[in-house]
Enquirer: 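There's a structure below that I have some questions on.
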Amino acid sequence: MTTRHALLALAVTASLTLAACSRAPEQPADGRLSQAELDKETADEFVARVNRELAELTPEFTASQWISSTYINDDSQLLAAKGNERFLAQTKAWVEQARRFEGKEMSPETQRAINLLRLGTAMPPPRDPAKLSELTRLASKMEGAYGSGTYCRTEGDAKDCRQLGALEDVLREDRDYDAQLDAWQGWHGVAAPMRADYTRFVELVNDGARDLGFADAGELWRAGYDMTPAELSAETDRLWTQVEPLYEQLHCYARTRLEAQYPGRGSVNGMLPAHLMGNMWQQDWSNLWTTLAPYPQAGKLDISGALERQYQVTLNDHLVRENALIDTDQRVEVARGAQAEHAREMTRRAEEFYTSLGMPALPESYWAKTQFIKPRDRDVVCHASAWPMDTTGTDVRTKMCIKPNEEDFTTIYHELGHVYYYLAYGKQPPLFQGGAHDGFHEAIGDTIVLAMTPGYLQSIGLVDAQQAGQESLINAQMRMALSKVAFLPFGLMIDRWRWGVFDGSITPDNYNTAWWELKAKYQGVAPATARGEEFFDAGAKYHVPGNTPYTRYFLSHVLQFQFYKALCDASGYQGALYDCSFHGNKAAGEKFWSMLSKGSSQPWQQTMKELTGTEKMDASAVLEYFSPLQEWLVQQNEGKTCGWEAARAPQGPAQP
Ligand code: X8Z
Ligand code: ZN
């Protein structure tokens with residue numbers, strides 16, 4: 001629930017029934033306008049009405065979604081599906097009503113609002129009510145299946161069952177080859193049964209997209225960028241070409257280190273083995289620090305270790321307070337109390353960065369209603385998200401299952417980026433309550449993450465003073481590259497796969513083969529064991545069953561460097577880009593807030609220009625930031641044959 005697109009997937013019509021009682025008798029019973037009233041309405045009046053209805057309908061619908069994500073069971077899924085169905089039916093009605101203004105004179109704002117209405121959902125509703133109902137049922141079912149997914153190593157032994165979080169812990173912490181393979185395969189096995197539902201889901205959203213006038217759902221997704229779908233696609237190619245050489249160097253370096261650590265099995269035909277990258281999807285390699293640290297002796301950036309130690313102190317305080325002589329059950333409860341307190345402290349720390357820029361404190365309701373840690377007694381969707389519960393920009397929340405590690409710490413800063421966007425554009429009309437484009441929404445918090453320099457981390461007590469010098473610099477750059485550069489091809493390949501699925505060039509009998517071909521082509525990653533069509537590995541990544549477009553994250557990983565550079569400039573900073581933190585700088589904060597306040601009220605190019613001085617997305621700031629590391633990597637890789645042949649091993653070797 002992170003953008004206007006999500007918001008528009010989140011409104012409900014129930015309250016209109018009440019409103020109907022007080023309206024003229026010519027009105028239809030469901031409270032919608034009569035044909036006579038519709039005929040009289042101007043485009044401006046239409047947009048004003050949609051904004052009013054959206055404001056009215058949103059809270060009830062977001063509540064049903066929130067409940068189903070934080071309390072997964074059949075009942076909450078039913079309510080979420082029904083709510084979604086009602087909202088999408090309403091969207092369809094608005095889009096149809098808007099048709100009568102096609103080709104008519106109107107102000108640019110009104111035209112923009114009407115366009116946004118048509119592009120506003122990632123799940124376009126089919127015209128046939130039975131199909132719409134089926135679509136929203138499948139969507140809730142897949143999201144629930146992902147959230148409650150469980151891998152049991154020994155069938156029938158409940159004690160041997162683990163959910164995604166525990167399986168990710170293995171990849172994060174355990175460097176044993178077989179333990180990692182088991183965790184990776186276990187989670188990917190959970191996704192296999194989603195294949196049939198996803199196949200049907202694709203047919204239904206394509207129906208909906210065609211009803212809206214698009215060739216398929218992928219074209220609708222690509223249409224939301226104030227340029228043609230073809231232009232957007234070409235933009236992503238262009239940006240990838242800019243950063244590909246940097247990724248290739250990082251890949252080459254990582255492969256060399258992995259081959260040394262796991263002799264004979266540290267690579268698969270020149271590619272990185274999917275289960276050895278410290279992350280279920282190989283999108284972030286930060287957890288491989290012990291394997292990939294350039295200069296282990298030159299100062300540590302062990303943020304996870306520091307957070308874990310902080311947590312242990314909190315836990316001890318709680319145990320002392322509660323009396324250490326408690327039984328095991330009570331100990332678990334005390335530990336949960338300590339986890340919740342520490343998760344809140346991590347969040348307070350992130351909030352402080354935003355308030356240091358002059359942004360407001362988070363509202364009290366945020367602290368009261370947010371889900372900070374995984375509940376003990378029920379299934380939830382742990383995948384982190386940020387929620388605008390209404391259109392007033394006041395009831396905002398995040399939903400996470402926070403653990404004391406670096407990844408979750410930076411994810412909190414990411415989520416608060418969404419939350420501050422909601423707060424800043426809360427005064428815009430509901431139809432303009434969205435990111436300038438969805439990549440902007442994803443880039444806000446990450447811009448702050450780039451400003452979490454070693455100096456900032458030291459100022460908040462998470463790392464010791466860093467030695468000055470080349471070795472510490474390369475360490476710091478590597479830390480950032482393992483998360484930001486490693487991500488780039490992943491950010492691209494997910495929607496390369498989905499665009500192909502939606503346009504039919506990837507057919508269901510080819511889903512998994514095509515998935516691994518794209519993993520190979522862009523990431524140079526391969527599975528260590530065969531992954532045939534009996535699997536559905538795309539379904540193991542939240543955004544596929546959750547139907548969240550992914551190109552936004554690729555764009556964000558370029559934009560955030562442009563935003564970061566612009567804010568560093570605004571703060572008066574003059575040194576090397578990678579060392580800039582604008583923490584505490586009000587001039588930077590003001591510029592950021594002013595950009596956020598615009599929401600989606602104008603073309604993103606305009607918003608971009610106001611912040612950065614340019615109208616184009618461009619990866620030169622990424623390259624500028626990482627130029628010391630790139631030079632270092634080229635030296636390290638000297639004499640090696642870098643790169644890989646994607647065509648050679650899409651399936652990996654056969655299982656022994
Ligand atoms: O999904 C997210 C956020 C919520 S918008 C936690 N991200 C992508 C992912 O986890 O795959 C952030 C980075 C990429
Ligand atoms: Zn996000």
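We count ligands from 1, going down the list as the structure has it; atoms in each ligand are counted the same way.
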Enquirer: Which one of Tyr542, Phe487, Tyr550, Phe554 has a non-hydrogen atom at the shortest distance from atom 11 (O) of ligand 1?
Expert: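 Shortest heavy-atom distance from atom 11 (O) of ligand 1: Tyr550.
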
Enquirer: For the residue pair Gly539 and Tyr146, what are the closest heavy atoms and their distance?
Expert: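 That closest heavy-atom pairing would be O-CD1, 3.7 Å.
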
Enquirer: If the cut-off is 4.0 Å to any non-hydrogen atom of His414, which atoms of ligand 1 fall inside it?
Expert: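 In order of numbering, the contacting atoms are 3 (C), 4 (C), 5 (S), 12 (C).
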
Enquirer: As a test of understanding, state which of Thr513, Asn512, Asp537 forms a side-chain hydrogen bond (donor to acceptor under 3.5 Å, both in side chains) with Arg531.
Expert: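 So the option named by the test is Asp537.
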
Enquirer: Quick check: does Glu415 have an N/O/S atom under 2.8 Å of the Zn ion (ligand 2)?
Expert: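 Given the 2.8 Å cut-off, Glu415 does not count as a ligand of the Zn ion (ligand 2).
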
Enquirer: Give me the ring orientation class for Tyr366 and Phe372: parallel if the planes are under 30° apart, tilted from 30 to 60°, perpendicular past 60°.
Expert: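 If you compare the ring of Tyr366 with that of Phe372, the planes turn out perpendicular.
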
Enquirer: Who passes salt bridge (Lys or Arg N to Asp or Glu O under 4.0 Å) against Asp197, sequence neighbours left out?
Expert: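 By the salt bridge (Lys or Arg N to Asp or Glu O under 4.0 Å) rule, Asp197 matches Lys141.
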
Enquirer: Just which atoms of ligand 1 are under 4.0 Å from any heavy atom in Lys541?
Expert: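 Those of ligand 1 that fall under 4.0 Å from Lys541 are 9 (C), 10 (O), 11 (O).
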
Enquirer: Test of understanding: with salt bridge (Lys or Arg N to Asp or Glu O under 4.0 Å), list the residues that count as partners of Lys403, not counting sequence neighbours.
Expert: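 With sequence neighbours excluded, Lys403 shows a salt bridge (Lys or Arg N to Asp or Glu O under 4.0 Å) to Asp169, given in chain and number order.
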
Enquirer: So, regarding Ser385 and ligand 1 (criterion: nitrogen or oxygen to nitrogen or oxygen, under 3.5 Å), is there a contact or not?
Expert: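 Between Ser385 and ligand 1, no N or O pair is found under 3.5 Å apart.
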
Enquirer: Taking N, O or S atoms only and a limit of 2.8 Å, check whether His414 reaches the Zn ion (ligand 2).
Expert: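 For His414, the answer is yes, given that an N, O or S atom comes within less than 2.8 Å of the Zn ion (ligand 2).
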
Enquirer: Taking Ala451's backbone N and O only, do any of them form a donor-acceptor pair with Ser581's side chain (distance below 3.5 Å, no angle check)?
Expert: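 Present.
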
Enquirer: If you look at every heavy atom in Leu431 and Leu116, which pair is closest and at what distance?
Expert: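 Closest approach of Leu431 to Leu116: O-CD1, 3.5 Å.
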
Enquirer: Using non-hydrogen atoms of the residue, decide whether Trp281 is closer than 4.0 angstrom to ligand 1.
Expert: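 Distance cut 4.0 Å: Trp281 fails for ligand 1.
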
Enquirer: Can you tell me the N, O or S atom of Glu442 that's nearest the Zn ion (ligand 2)?
Expert: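 Closest to the Zn ion (ligand 2) among those atoms: OE1.
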
Enquirer: So is His418 close enough to ligand 1, meaning a heavy atom under 4.0 angstrom away?
Expert: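 Right, His418 reaches ligand 1.
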
Enquirer: Polar contacts were defined as any N/O atom of the residue lying under 3.5 Å from an N/O atom of the ligand; does this apply to Tyr553 and ligand 1?
Expert: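 Yes, there is a polar N/O contact under 3.5 Å.
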
Enquirer: Phe409 and Tyr413: aromatic ring centres closer than 6.0 Å?
Expert: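 When the ring centroids of Phe409 and Tyr413 are compared, they turn out to be within the sub-6.0 Å range.
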
Enquirer: Within a distance under 4.0 Å of any heavy atom of Ala384, pick out the atoms of ligand 1 and give their elements.
Expert: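 Atoms satisfying the 4.0 Å criterion: 4 (C), 6 (C).
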
Enquirer: Counting heavy atoms only, which of Glu415, Gln283, Glu442 is nearest atom 3 (C) of ligand 1?
Expert: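 Comparing heavy atoms across Glu415, Gln283, Glu442, the nearest one to atom 3 (C) of ligand 1 lies in Glu415.
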
